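Structure record follows, encoded as structure tokens.
What you see is a predicted model; the values in this text were computed from it and never measured. In the text below, chain A, chain B and the rest are named by the order of the sequence lines, each starting its count at 1.
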Protein chains: 2
Amino acid sequence: MAAPEHPRMSDVAERAGVSLSTVSRALRGASGVAPKVRAEIENAAAELGYVVSRGASSLVTGRTGRVAVLVPFLQPWFFGVALAGMNTTLRDAGRDMLVYQVGDVGELDDYIHSLPLRRNVDAVIALALDLDEREIARLDEIGLPVVFCSQRVKGRRSIFIDNTAAAAEATRHLLNLGHTRIAYIQSKDQTGFSWDSRDRLKGYQQAMADAGAEPLVLTERSGREGGARAMGKLMSVERPPTAVFAESDDVASGVLQVVRRSRLAVPGAVSVIGFDDNDLAALFDLTTVSQPVQEMGEHAARLAVDLVDGGAAQSDHHVRLETAFVVRHSTGPPRENMGLHG
Amino acid sequence: MAAPEHPRMSDVAERAGVSLSTVSRALRGASGVAPKVRAEIENAAAELGYVVSRGASSLVTGRTGRVAVLVPFLQPWFFGVALAGMNTTLRDAGRDMLVYQVGDVGELDDYIHSLPLRRNVDAVIALALDLDEREIARLDEIGLPVVFCSQRVKGRRSIFIDNTAAAAEATRHLLNLGHTRIAYIQSKDQTGFSWDSRDRLKGYQQAMADAGAEPLVLTERSGREGGARAMGKLMSVERPPTAVFAESDDVASGVLQVVRRSRLAVPGAVSVIGFDDNDLAALFDLTTVSQPVQEMGEHAARLAVDLVDGGAAQSDHHVRLETAFVVRHSTGPPRENMGLHG
DNA sequence: CCCTTCTTTGAAAACGTTGCCAACCTTCGA
DNA sequence: TCGAAGGTTGGCAACGTTTTCAAAGAAGGG
């Protein structure tokens with residue numbers, strides 16, 4: 001095959017019978033081009049199948065038209081949904097989306113240090129990266145505007161939900177149903193607790209304290225497996241809880257797995273609550289806290305775009321999105337005098 | 001904040017006390033630079049935090065260092081895993097990954113027609129796009145090398161699995177267990193059947209024919225809901241099947257949901273098989289066909305990179321990856337004289 | 001009818017790299 | 001001692017845009 005010779009702007013200019021500058025102005029939508037001329041140029045461009053070389057234009061404008069998204073994982077539900085939201089918004093804004101998976105913090109460090117982003121994107125979105133102060137400072141070295149999605153960072157543009165309030169609400173739901181022995185399952189990664197995790201725990205603890213109930217917190221690995229292990233432990237304590245609040249739907253699915261294997265009824269013997277409202281939640285008929293993940297992605301992308309376009313002054317640096325408590329059938333009043341031993 | 005002045009190559013040159021060309025050669029890893037000088041230049045670059053502007057270099061080399069991935073969705077398990085695979089390989093090859101979600105074929109057409117890719121990426125990976133001949137031809141207009149991942153396309157570089165053989169193997173498993181009334185649930189999108197779908201059906205039909213068994217095929221929407229609907233129908237036919245083969249794990253999860261609601265035992269009353277081995281499969285203890293999704297992504301990315309680097313001659317244009325049949329506990333011999341009426 | 005003011009256009013200088021070519025400096029063989 | 005060959009280096013012209021500046025033309029007021 002011959003080299004795929006792309007038409008250049010000068011080709012369009014020649015075909016339209018105008019100068020290069022005029023074509024540039026017309027195609028960019030800049031003002032100061034006679035309507036008729038503009039139409040002719042657009043025709044010529046379309047006929048030639050001309051597309052501007054972003055490399056060349058970014059060379060002079062300093063803008064690349066690209067936004068990088070840094071994610072710790074790609075597979076889990078949360079990330080797919082958030083990326084989908086970002087992708088929509090970015091596409092509408094005429095931006096391309098670059099995705100970089102930075103598994104652990106070390107990898108992130110390497111990444112930032114080698115700075116391949118610098119100069120090659122206009123902005124960076126950190127998606128659920130759960131960085132601490134030091135790491136955030138490191139991100140700044142990149143010299144680009146950064147938007148945090150699903151992490152609240154003081155003084156930085158960020159999109160987040162009120163994990164504490166949402167977790168408290170979920171806990172109160174159980175309390176109101178009459179539960180008093182409510183366990184909370186917290187997740188811990190190799191790297192430690194995420195901010196989401198800490199905040200949710202706080203909400204649970206507050207609600208329990210307000211109701212004068214004794215908190216019971218287990219810590220396990222994240223994911224389904226962690227949920228299963230935690231539930232296993234809970235079933236062998238002296239007075240098992242009548243309700244379990246899992247930090248995420250994934251964890252809750254592990255809890256449910258164990259509960260079912262033990263032929264215990266939900267919510268008869270145990271009530272279960274999750275967090276996320278992911279695709280498993282509906283399947284398991286799980287009461288949970290729904291967070292607007294796609295919207296979070298959209299907002300983050302919009303913020304990133306505005307940041308690049310608008311220069312400095314932006315009003316809404318922080319966006320707190322609403323969660324919704326979704327009651328399904330995994331929660332109900334505790335059966336009178338029993339626990340798990342129904 | 002002041003404008004984020006990035007250092008230029010000439011700054012590095014000045015600092016290292018050499019010329020621009022030498023810096024370019026050194027940083028690019030080209031030969032013909034004295035080891036000592038090379039080290040000095042690398043030092044200078046590191047100290048300045050210099051990063052080459054890909055825009056500028058692509059202007060002269062014609063290479064952008066970017067690969068675009070076209071996906072119909074971002075959320076489902078399959079895409080996250082495949083993208084993760086691609087991302088790893090691309091990163092190792094020093095390439096950036098652009099992701100474009102092209103919901104339906106119309107959107108894809110718009111996309112190709114507006115050609116934002118052209119000139120802005122080196123290659124395109126079409127991930128599970130299920131294109132027909134006409135649409136593939138359309139993709140060619142983009143004037144870039146295209147790799148098909150999870151779709152076999154004759155004459156094009158593609159990565160795929162043998163859906164037909166895998167489905168036949170799964171069907172034989174059920175036949176060998178003694179089942180004869182085996183239903184197959186096929187999925188249909190708005191756009192029609194995917195290639196995967198057709199091939200799997202073919203495998204089922206062949207295996208059934210070889211065994212002299214009567215095929216029973218239902219067609220529903222894809223996803224969990226479709227599976228649930230299909231199973232609902234199956235439970236009310238005259239002689240219900242003793243086994244169900246769902247086109248995907250997602251569909252199988254819908255089947256299981258209905259089966260459980262009806263308090264039927266699995267595999268006692270009905271055996272169920274899925275396809276994919278996604279994260280639900282283990283949760284449901286589902287017998288299924290495991291496809292190496294991550295590997296498919298890795299291979300596709302490698303192929304794309306080689307295509308750009310190596311120019312034309314590539315030996316393995318087609319890569320067929322192995323599937324693995326995973327037996328869990330959703331399948332077993334049919335109970336003697338019953339069907340669903342256990 | 002001339003002069004000013006806008007609008008529209010074209011020419012040319014960046015932007016930050018790479019690649020070609022010529023110049024230089026060694027080293028070595030004759 | 002000189003020439004040739006090989007290994008390093010620097011100069012300069014691209015690459016395809018945008019942007020500034022000045023020129024040309026149209027419109028309008030006196």
* To do: May I have the step-by-step check of side chain to side chain donor-acceptor pair (under 3.5 Å) for B:Ser24 and B:Arg28, ending in yes or no?
  => CA-CA 6 Å; B:Ser24 174; B:Arg28 202 153 16 93; 2.9 Å; yes
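A donor N or O paired with an acceptor N or O is not found under 3.5 Å between the base of C:dG19 and the side-chain atoms of B:Arg25. A donor and an acceptor atom sit less than 3.5 Å apart, one in the side chain of A:Ser21 and one in the base of C:dA11.
Rounded to whole Å, the distance from CZ on B:Arg28 to C1' on C:dC20 is 12 Å. One atom, CD1 of B:Ile41, and another, C1' of D:dT9, lie 10 Å apart when rounded to the nearest Å. Rounded to whole Å, the distance from CZ on B:Arg54 to P on C:dT18 is 12 Å. For the pair B:Leu27 CG and C:dT18 P, the interatomic distance rounds to 8 Å; values are reported in whole Å.
Distances shorter than 4.0 Å separate some side-chain N or O of A:Ser19 from OP1 or OP2 on C:dG10. Contact annotation: B:Arg119 side-chain N/O to D:dT17 OP1/OP2 distance is under 4.0 Å. A sub-4.0 Å separation between OP1 or OP2 of C:dT18 and a side-chain N or O of B:Ser24 is present.
Under the 3.5 Å distance criterion, with hydrogens and angles disregarded, no donor-acceptor pair is assigned to the side chains of B:Arg25 and B:Ser21.
Within 6.0 Å of CD on B:Glu322 lie no more than 12 heavy atoms contributed by other residues, nucleotides or ligands.
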